[in-house]
Amino acid sequence: MSGFNSDAQTMSFVAFIAVITVTLLLCVMTGPDRDDLGEFYTGYRSLSPMQSGLAIAGDYISASTVLATIGVIALVGYDGLTLALSTVLSLVLMMFLLAEPLRNAGRFTMGDILTRRAPGPAVRIAACAVTLAALLPLVVFQLAGAGDLLAFVLGFDAEGFKTGAIVFLGVLMISYAAIGGMKGTAFIQIVKTVVLLGSATVIAVLVLDRFDFSLPGLLDAAKKGSGAGDLYLTSGLQFGGDEIDMISAQLTVVLGAAVLPHITMRMFTARSATAVRRSMSWAVSTVVVTCLLLALIGFGAAAIVGHKNLVLADPQGKTAFLLVSQAVLGADANTFESLVFTTVATAIFLTLLASVAGITLACANTLAHDLIAHGLRRATVSHTAEMAIARGAAAGVGLLAIALAAFVQDWNLQALVTLSFCIGASAVAPALVFSMFWRRYTRQGLLWTLIVGTGTAILLMTGSNLVSGSPQSVFPDHDFNWFPYTTTGLVSVPAGFLAGWYGSIRSPREASAQRERYAEIEPVILAGATTGPGDTP
């Protein structure tokens, strides 16, 4: 049993049922017509900048981000805070560098963006493969952790309950993606973002109240509770003093977090270039505030709960948010305090649902649009058929993720989240930057970027200490660790960029043709000078 107040557990269970009912109703009410691709993929760009910004922030602040950020700050202090700031910086770079060009160049998927520069089925198929390689590990990680979290909140220890929770959440995930499409999942993200902000604000205020709203007092108590003393607020605790490993991790997060396909697809929902800038302003502001609140909660967890109790509950600290909430509210909570805890648990539950639904939708979209409708097509696929394929793909991706998550639920899966960011930084980021801004970028260069960046990240990750060679790895009883860093970015990011550059300069004739093609589409991509694909004239 988790030790939470029984009233809080009962209220949490009722709240979960209410959330499921309301969110399913939202999806049904906002879901697209049977054969309306524009509405399914982009929601007809009907969201306001504020709504779109909150939806982007919701997709960006996944369950792994919330729980891992609080946990890593609680356990290692300064290093966790710098990684949280790197997450914010990633979205800021997206805002200033890529958001508007993505909106101008894209239509439905990442494949649409890349084929503006290099048309052809090979690019579509490669874009689909990279999207799945980047996002499927993220879905599996979050579903696998969902069973433990629900069991922890509701007080069940049985393995059968955890597996059942994974299956149940997976079925909900499929339903949200297949029924609601882009607009339905956007409204779920908006609700999730508002509830998460509200609950995090309340807990952060209660944490500060414990220390008379003195930040130095909170940090001093966190140093003592962490068991690391002054090292807690200095660099190097997480990576054993290896500064290169820390730089690699920060590089991977900064370049990889904001370019993952389920984030970039939200750029296509903006009505105009002005709207996407305003949407990103809302998104960045929301993420900054959320990360500051998560940092306060993380320091509060170290100060109030303590390192020993945090690790005892979960070695990665993923339950820190719940534990510090229980601590500041008290074991014998009154009705109001039970309601506050219920709101926190509901925010985490909503975050799990919304995160996996948005990622599943991105996977389904690329399978239907990039792979089937354009990559492997032998004839034109009707809108009705493509919609059916997209919904079927959502079910297929969801069922695969459920099976994998149930199988690996007892493993330490931090390597999966890290792999997603590494692929984003090593393959997606170079492909998007070159496609948007380099005139000589060729089809061969693009394919080399996607293949080399993704392949290098996967290969190096198998040799990292997140997979073997440490107590916190996927295979703690084995040691085939040959790569000295936790993340692959220091090697795989340059490999992705160099592969794109070298692949492009090897074909000077194609590069010359690409310059001419880019000259035609450059005003659209960089300035939105003409009607972009998928826009309504």
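Small disclaimer: the values here were computed from a predicted structure and weren't measured. What's counted below: heavy atoms across the whole structure, side chains too, no hydrogens, waters or symmetry copies.
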Q: Kindly write out the residues that satisfy salt bridge (Lys or Arg N to Asp or Glu O under 4.0 Å) with Asp245, not counting sequence neighbours, or none if the list is empty.
A: none
Q: Only counting residues at least two apart or in another chain, list the ones meeting salt bridge (Lys or Arg N to Asp or Glu O under 4.0 Å) with Arg506.
A: none
Q) Going by the side-chain hydrogen bond (donor to acceptor under 3.5 Å, both in side chains) test, which pairs reach into residues 424-438, not counting sequence neighbours? A) Ser426-Ser492
Test of understanding: with ring pair (Phe, Tyr, Trp, His ring centres under 6.0 Å), list the residues that count as partners of [X], not counting sequence neighbours.
X      : answer
Tyr502 : Trp448
Tyr78  : none
His369 : Tyr41, Phe108, His374

Q. Where do Gln409 and Ala406 come nearest, in terms of heavy atoms and distance?
A. NE2-O, 3.1 Å
(Q) Using every non-hydrogen atom in the two residues, find where Leu400 and Leu136 come nearest and quote the distance to one decimal. (A) CD2-CD2, 3.8 Å
Taking only residues two or more places apart in sequence or in another chain, which ones pass side chain to side chain contact (heavy atoms under 4.5 Å, CB included) with [X]?
X      : result
Ile458 : Leu419, Ile423, Thr454
Thr87  : Tyr60, Val253
Leu312 : none

**Q.** Residue pairs involving residues 408-433 (criterion ring pair (Phe, Tyr, Trp, His ring centres under 6.0 Å); sequence neighbours excluded)
**A.** Phe407-Trp411, Trp411-Phe475
Validation: residues 119-129 side-chain donor-acceptor distances under 3.5 Å, sequence neighbours left out:
residue	atom	partner	partner atom	Å
Arg124	NH1	Asp112	OD1	2.6
Arg124	NH1	Asp370	OD1	2.8
Arg124	NH2	Asp112	OD1	3.0

Q | Ser468 side-chain N/O to Phe480 backbone N/O, donor-acceptor pair under 3.5 Å | A | yes
**Q.** Any donor-acceptor pair under 3.5 Å from Thr319 side chain to Leu322 backbone
**A.** no
Q) Among His262, Arg266, Lys192, which residue meets the side chain to side chain donor-acceptor pair (under 3.5 Å) test with Asp59? A) Arg266
(Q) Thr65: which residues meet the side-chain hydrogen bond (donor to acceptor under 3.5 Å, both in side chains) condition with it, sequence neighbours left out? (A) Ser62
(Q) Looking only at the side chains, is there a donor atom on one of Thr487 and Ser248 sitting less than 3.5 Å from an acceptor on the other? (A) yes
